[in-house]
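Reading through the structure tokens given below for one structure.
When reading the values below, keep in mind they use all heavy atoms of this one structure, side chains included, and skip hydrogens, waters and symmetry mates. One-based numbering, in listed order, for ligands and for the atoms of each.
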Amino acid sequence: MYAMLDPSRFTVFVTGATSGFGEAICRRFAAAGARIVACGRRADRLETLKAELGDRCHAFALDVRDAKAVHAAVAALPAPFDEIDVCVANAGLALGLEPAHQADFDEWQQMIETNCLGLAATVHAVLPGMVARGRGHVVTLGSIAGDHPYPGGNVYGATKAFVRLLAQNLRADLAGTGVRATNIEPGLAETEFSLVRFRGDAERAGGLYRGADPITAEDVAETVFWSTTMPAHLNIVRMEIMPTSQGFGPTVVKRRG
Ligand SMILES: NC(=O)c1ccc[n+]([C@@H]2O[C@H](COP(=O)([O-])OP(=O)(O)OC[C@H]3O[C@@H](n4cnc5c(N)ncnc54)[C@H](OP(=O)(O)O)[C@@H]3O)[C@@H](O)[C@H]2O)c1
């Protein structure tokens with residue numbers, strides 16, 4: 001029999017811990033006795049989280065777009081937070097829902113820098129230590145948008161396709177090292193995601209979720225918790241999760257005239 005892993009022995013590094021999935025993931029693992037390393041850009045929120053979680057939480061402000069800062073932060077982690085067992089590369093965002101020909105290029109750049117470059121830096125910074133210890137788990141936050149195109153998804157969807165392929169390629173490199181990689185791919189989930197996407201328009205963001213019973217941040221936290229506590233011989237490669245209310249759209253045909 002293979003044993004489930006004991007989360008109270010984990011040190012869990014979470015990017016984007018200041019809201020939504022990341023914050024719920026920190027709480028889920030902390031409730032199971034894990035040590036938490038939490039980061040994001042908003043220092044005030046990290047202080048509140050640290051006050052809630054106590055000494056088992058180490059928190060610091062970090063913009064994942066700064067790849068050097070990401071590497072330096074991981075290299076400078078103080079004991080007993082310095083040996084990361086689970087890295088949740090979660091920090092990310094969507095900006096805008098305009099068609100590609102009307103999109104703001106600065107927003108495209110910010111999505112690529114955060115969701116691709118920032119996530120790659122996070123993964124790159126934690127992997128050598130995990131491989132040296134012969135154990136570890138990298139969880140990336142993809143999206144159904146990385147597989148299923150939708151109008152206005154353009155660069156956001158493309159960044160999440162990058163995340164999915166990076167996670168699968170990690171599996172190719174990590175096989176035999178004892179280190180696992182999992183890409184979690186949620187559908188419609190209620191967090192601050194749409195507030196950010198619609199540039200602070202709370203009415204528009206709320207309208208997207210109304211009556212839809214969307215995925216909650218706690219649902220995602222539970223999938224991350226489950227996949228990382230499974231016995232060490234088992235690797236959940238990808239997990240696509242959607243609200244029961246969500247389905248796939250028909251293929252669109254735009255007719256002349
Ligand atoms: N909600 C959904 O429907 C949904 C569906 C599929 C996938 N996802 C993905 O899930 C992840 C988490 O999203 P969420 O729904 O929890 O949204 P959220 O509530 O807006 O949280 C996003 C987190 O990312 C952090 N972040 C953004 N830019 C950052 C940067 N440059 N450096 C460091 N942290 C940064 C934010 O913190 P700061 O602003 O404090 O930096 C925040 O903590 C994202 O990768 C998102 O693409 C979301």
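Remark: Arg35 fails to qualify as a cation-pi partner of Phe13 under the 6.0 Å distance and 45° angle criteria applied to the six-membered ring.
Cluster partners of Ile144, by chain and number: Met242, Phe248. The rule joins Ile, Leu, Val, Met, Phe, Trp and Tyr whenever side-chain heavy atoms lie under 4.5 Å apart.
Each ring-ring contact (aromatic ring centres under 6.0 Å, His included) pair with one or both residues in residues 88-116, not counting sequence neighbours, would appear here, but there are none.
The cluster map of Ile, Leu, Val, Met, Phe, Trp and Tyr, joined by side-chain heavy atoms under 4.5 Å apart, puts Phe60 and Ile25 in different clusters.
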Please tabulate, for side-chain N and O atoms in residues 72-86, each donor-acceptor pair with protein atoms closer than 3.5 Å (sequence neighbours left out).
residue	atom	partner	partner atom	Å
Asp85	OD1	Arg135	NH1	2.2
Asp85	OD2	Thr11	N	2.7

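Protein residues with a heavy atom under 4.0 Å from ligand 1 are Gly16, Ala17, Thr18, Ser19, Gly20, Phe21, Gly40, Arg41, Arg42, Leu62, Asp63, Val64, Arg65, Asn90, Ala91, Gly92, Thr114, Leu141, Gly142, Ser143, Tyr156, Lys160, Pro186, Gly187, Ala189, Thr191, Glu192, Phe193.
Asn154 contributes a side-chain N or O that, together with a main-chain N or O of Glu98, makes up a donor-acceptor pair within less than 3.5 Å.
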